[in-house]
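Structure first, commentary second.
Keep in mind that the numbers below use all heavy atoms, side chains included, and drop hydrogens, waters and symmetry copies. In each ligand, atom 1 is the first atom listed, and ligand 1 is the first ligand listed.
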Amino acid sequence: MYRRQFLKTLAIGAAAIAPSTKYPWSNEARAATSTIDLSVSSRVLEVNGKAATVFGLGTSDGKPGLVLNAGDDFDVNLLNRTKEDTLIHWHGLTPPWGMDGVPDNPAKLLRAGENRHYLFPVGQGGTHWMHAHTLQEQSLLAAPLIVRTADDLARDEQEVVILLHDFSFKTPEELLSGLKAAGSSSGGGMGHGAMTGHMGAGMEGMQGMNGMQGMHGQSMSGMSMPGMNMPDMAMPGMMAMDLNDIEYDAYLANDRTLDDPEVIAVEKGGRVRLRIINGATATAFTIDTGTLAGELIAVDGIDVVPVPGHRFPVSMGQRLDIRLQVPPASGAFPILALREGARERSGVILATSGASISKLGTDAADNGPVLDLALEEKLQAVKPLSPRAPDRTYALTLSGDMASYVWEIGSADGPLKVVTGNRVELAMRNMSMMAHPMHLHGHHFQVVAINGKRIDGAVRDTVLVPPMAQVAIQFDAPNPGRWPFHCHHLYHMATGMMSFVTYENAL
Ligand SMILES: [Cu+2]
């Protein structure tokens with residue numbers, strides 16, 4: 001194929017481009033005829049010129065992540081090569097409950113040196129990922145899990161996988177205790193952590209979003225303005241929309257900062273499919289494709305009716321597949337991830353042969369946009385759920401006590417119980433000042449309402465519920481278990497924003 005020949009024979013201008021060979025995620029998927037060895041290991045990474053010991057997660061040949069073919073088995077032997085107990089969750093796949101990877105639910109942690117075999121259908125294709133469901137996620141225990149369809153393989157399109165992360169030289173335990181201490185000393189939540197998300201910062205981000213309306217027609221209509229649509233919450237001191245809990249030391253794209261970004265060789269006039277994974281634990285981003293026109297074709301690995309644009313929000317746990325057309329002339333095309341409500345950014349550079357690449361700083365001139373539901377409202381699943389009245393509906397309230405840094409999912413309808421074959425609706429209302437990307441394990445759901453308006457939205461596995469917003473999702477229940485339903489902000493989850501959907505017929 002032309003694409004493959006191009007990739008093999010590409011002559012790189014010696015000094016202009018240093019192509020990365022570190023990320024072989026664009027290699028051919030291996031035939032799933034035998035068990036794949038996948039190891040959790042320890043590795044040393046250089047961040048901001050300093051050495052950092054982090055986790056690695058990859059195959060025995062040293063390659064990070066997994067690339068599989070849709071319809072094959074997920075036939076994996078997971079080996080813990082570290083000195084710590086750990087376990088891996090397959091985010092986006094729908095394994096049987098026993099193989100889901102949340103410690104003691106029900107599987108035990110994998111001890112040092114121990115290995116465990118996983119075997120289940122990998123399902124339809126998509127951009128997925130895998131990560132520890134523990135604080136180890138902060139120490140980069142995460143990797144892409146790409147499942148390609150036959151159509152993906154036949155398409156003349158270059159695949160570029162981008163795994164985003166937030167990085168700190170502090171341990172996750174230190175970060176968590178810092179959040180709790182700052183919360184309890186602030187007497188009401190103002191100023192806990194490194195609060196960069198006061199309304200001022202938020203408003204700048206919103207103006208940024210305003211400015212992009214012309215580009216892809218997003219409106220501010222879906223923006224939930226904290227405090228403004230809740231007149232009975234007249235608390236002037238609480239006008240802070242808390243965007244970022246933690247000031248990180250770096251924001252990484254494929255393990256690198258924009259001071260030394262990955263440069264990915266692309267073909268003049270070629271087509272690129274970005275597979276973007278927000279593996280950050282506590283940071284939302286907006287993807288900015290710069291001068292290249294983008295087309296969003298899938299969210300959380302599941303196809304949507306394409307949406308053109310240059311900027312696309314991606315919260316923690318979520319994935320975006322964006323198709324790009326590279327122009328026929330040579331050039332360098334940064335694909336940036338803008339930190340929400342702040343100036344930091346990360347990203348990679350796509351570059352054709354002969355392109356000169358100018359240095360990009362890690363800080364932008366303006367704050368990144370504040371994430372809202374404007375895009376979510378427009379998304380339409382290519383294959384929606386069949387229309388059906390839910391058998392069970394649960395009204396859920398997302399809330400938090402910033403002072404003690406305790407987060408909660410409350411249900412007005414009791415514990416989340418379902419029976420195999422049910423259609424279930426979860427109607428969430430966020431009564432806190434932080435956004436919560438809500439993730440359901442073991443299932444894909446469809447977004448069916450936003451702020452009270454019914455939609456035939458995206459099918460996905462993680463949906464953002466901004467402050468004071470309401471989002472309802474529906475899913476069918478074919479997969480017995482006690483399935484985690486939680487916020488994908490690691491520290492919200494660790495401090496209580498975790499619940500379970502339990503199949504009462506099967507446990
Ligand atoms: Cu949260």
Practice task
Give a yes or no on whether a salt bridge exists between Lys180 and Glu173, defined as a side-chain N under 4.0 angstrom from a carboxylate O.
Solution key: no
Exercise for the section: Flag this pair as yes if the NZ/CZ of Arg339 is under 6.0 angstrom from the six-membered ring centre of Tyr251 and inside a 45 degree cone about the axis; otherwise no. Expected result: no
Fill in the blank from the handout: Nearest heavy-atom contact between Leu385 and Gln474 is CD1-O, 3.6 Å
Practice task
Taking atom CD of Gln124 as the centre, report whether more than 12 heavy atoms of other residues, nucleotides or ligands fall under 6.0 Å from it.
Solution key: no
Handout entry: Cationic tip of Lys50 above Phe169 ring, under 6.0 Å, 45° of axis
Key = yes
Practice task
Output, by chain and residue number, all protein N/O/S atoms separated from the Cu ion (ligand 1) by less than 2.8 Å.
Solution key: His436 ND1, Cys487 SG, His492 ND1
Completion exercise
Partner of His91 under ring pair (Phe, Tyr, Trp, His ring centres under 6.0 Å), picked from His128, His133, His439, is His439
